[in-house]
Amino acid sequence: MTRSVTGGPAAARGPAGEHLDVVIVGAGLSGVGAAHRLQTRCPGLAYAVLEARAAMGGTWDLFRYPGVRSDSDMFTLGYSFRPWRGGRSLADGAAVRRYIEDTARESGVERHIRFRTKVVGADWSTAHARWTLVVERTDDAGRVTRSTLTCSFLYACAGYYDYDRGHSPRFPGIGSFTGTVVHPQFWPQDLDHSGKRVVVIGSGATAVTLVPALAGRAAHVTMVQRTPTWIAPVPGRDRTADRLRSLLPAAVAHRLIRARSILFGIGFHQFCRRRPAAARRLLTGVARRALGDTGGRLVKEHFTPPYDPWDQRLCAAPDGDLFTAVKEGAAEVVTDHIDAFVPEGVRLRSGRVLAADVVVTATGLRLLALGGIAPRVDGRAVDLAEQFVWRGAMLTGVPNLALCIGYTNASWTLRADLTHRLVCRVLRHMERRDLAAVVPEPDRPLAGRPLLDLASGYVRRSVGAFPRQGDRGPWRLRQNYLLDAATVRARFGRTLKGVPRSAVTAPADRPAGFRTGAVR
């Protein structure tokens with residue numbers, strides 16, 4: 001097999017342009033991890049990572065608001081094949097971004113990334129067993145050119161956030177406000193909040209992160225929430241991990257720390273789901289101690305949600321920073337509804353006016369399936385909401401396509417890496433059986449369930465446009481790493497249907513499927 005100057009396999013070329021074995025969409029945490037697994041487990045395949053932005057990092061490159069950080073420990077959010085060496089287990093956004101960049105550079109993945117390249121169309125040809133992708137490339141001057149390329153397998157690793165739009169409710173009177181309104185997703189880097197009165201609207205992870213970060217320099221910060229969120233103070237630095245790393249070889253320490261973090265996360269989630277009343281008592285008790293709220297009034301009013309823990313994602317407060325800001329008077333939490341914006345700030349339904357120089361609308365994110373790619377099969381649009389997800393990765397009705405969705409109750413990367421490994425198994429399965437295409441098919445009817453099992457507003461607003469999970473077996477998207485890890489090597493069985501290479505017509509210079517011997 002010939003190789004290109006970048007060290008990867010040479011892509012086949014022909015009259016229609018470039019052909020690749022695999023195209024990965026997105027160069028964030030998932031995409032870089034997927035590329036690493038692909039080139040180590042299927043080293044003969046020609047692949048590229050297409051990234052719409054000008055830099056890698058995905059969410060960690062997009063979000064630049066003050067205090068942005070991981071809300072999962074880096075020992076599990078980081079890659080299993082490249083241990084996290086940083087000091088803080090909940091790392092700031094810049095540190096996570098550097099970690100992704102360093103991983104891509106050291107593994108050689110960086111050479112396969114094509115920046116400012118956005119997939120705007122994807123059409124599967126049954127006759128030729130390949131995807132035709134329409135891509136838009138943006139040059140340094142902002143000029144956009146459109147072209148096509150083909151691939152045998154498409155892997156969407158763009159997450160499920162809409163990078164171009166955040167969720168911004170229409171607030172009455174917002175045009176009359178004389179201060180500055182910003183959305184965290186598009187934080188202006190020249191915004192100086194020093195000595196200013198800041199109102200943060202929202203109660204999710206972004207608001208919980210922003211409030212203590214802004215409180216250090218602002219005159220005062222007020223967080224306005226309609227409904228409280230479960231918030232748990234967690235150590236910003238894992239002392240046990242530090243001790244293990246000082247006593248044991250790096251590889252051994254990493255495995256132990258990672259296993260410990262995984263088991264604790266699963267155990268705590270199970271505790272919350274199985275014993276919600278006990279979990280409520282635990283979390284409210286911790287909040288009362290952190291706030292010095294001996295009477296419990298503050299916790300009852302502002303830190304006790306009406307729903308059970310993990311009905312929505314639990315928010316982490318490193319070293320209890322949010323509680324500290326509230327306790328010291330640098331920040332305040334107000335539970336009320338917004339009536340309207342007024343020139344001097346925000347008027348609440350209770351009639352209280354919160355004076356503000358800056359209002360931050362941390363009102364949530366929008367979800368977007370497949371990074372906005374609307375797949376077509378033989379020219380016909382696929383209704384994603386009518387499809388089922390097989391093993392959390394592939395879709396009914398759409399051959400040779402996988403998507404990466406992480407856990408909602410644990411580190412995203414844990415689930416993502418299992419999916420990367422599954423995709424590599426599928427590719428090897430196709431080569432061994434001389435298949436040009438595979439597609440999941442249920443062996444009997446399925447009862448549909450939402451893909452994401454969370455009651456959070458951002459999920460409820462958009463999940464109806466996503467594929468569904470089923471009610472059994474490989475069609476369930478489980479939220480348990482131990483169960484998933486135990487079954488990742490299970491046989492595919494009758495639910496993954498293959499199309500023999502011999503049944504497909506393809507151009508002579510581009511045989512269907514993968515080149516013989518490319519996968520091992």
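A centroid separation of less than 6.0 Å is found between the aromatic rings of Phe303 and Phe323.
Under the 3.5 Å distance criterion, the side-chain polar atoms of Ser70 are matched with a main-chain donor or acceptor of Ala91. The closest donor-acceptor contact from the side chain of His420 to the backbone of Gly31 lies at 3.5 Å or more, if one exists at all. Of the possible polar contacts, none joining the Glu328 side chain to the Ala330 backbone as a donor-acceptor pair under 3.5 Å is found.
At a threshold of 4.0 Å, the pair Arg88-Asp319 counts as salt-bridged, since one of the basic side-chain nitrogens sits closer than that to a carboxylate oxygen. Salt-bridge formation is detected for the pair Glu136/Arg146: a Lys NZ or Arg NE/NH1/NH2 atom is positioned less than 4.0 Å from an Asp or Glu carboxylate oxygen. No salt bridge links Arg288 with Asp293; every basic N to acidic carboxylate O contact stays at or beyond 4.0 Å. Note on Asp336 versus Arg352: no salt bridge recorded, every NZ/NE/NH1/NH2 to OD/OE distance being 4.0 Å or above.
Using a 3.5 Å distance cut-off with no hydrogens or angles, the side chains of Asp321 and Thr324 do not pair a donor with an acceptor.
Relative to the six-membered ring of Phe75, Arg258 misses at least one condition, a distance below 6.0 Å or an angle of at most 45° to the axis.
Thr304 is linked by a side chain to side chain donor-acceptor pair (under 3.5 Å) to nothing, counting only residues two or more places apart in sequence or in another chain.
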Determine, step by step, whether Asp140 and Arg143 satisfy the salt bridge (charged side-chain N to carboxylate O under 4.0 Å, His left out) criterion, reporting the C-alpha distance in whole Å, the side-chain angles of both residues, the deciding distance to 0.1 Å, and the verdict. CA-CA 7 Å; Asp140 292 341; Arg143 294 184 294 266; over 6 Å; no
Are Trp412 and Tyr407 close enough, and set up right, to give a ring pair (Phe, Tyr, Trp, His ring centres under 6.0 Å), and what steps lead you there? CA-CA 5 Å; Trp412 174 278; Tyr407 288 120; 9.3 Å; no
Yes or no on side chain to side chain donor-acceptor pair (under 3.5 Å) for His183 and Thr361, after CA distance, side-chain angles and deciding distance? CA-CA 5 Å; His183 193 285; Thr361 55; 4.7 Å; no
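Heavy-atom contacts from other residues, nucleotides or ligands closer than 6.0 Å to CZ of Arg275 number 12 or fewer. Other residues, nucleotides and ligands contribute more than 12 heavy atoms inside 6.0 Å of the OH atom of Tyr307. Environment of CZ in Arg243: sparse, with no more than 12 heavy atoms of neighbouring residues, nucleotides or ligands closer than 6.0 Å.
Between Phe81 and Tyr79, the ring-plane angle classifies as parallel under the 30° and 60° cut-offs. Between Phe63 and Tyr161, the ring planes are tilted. Angles from 30° to 60° get that label.
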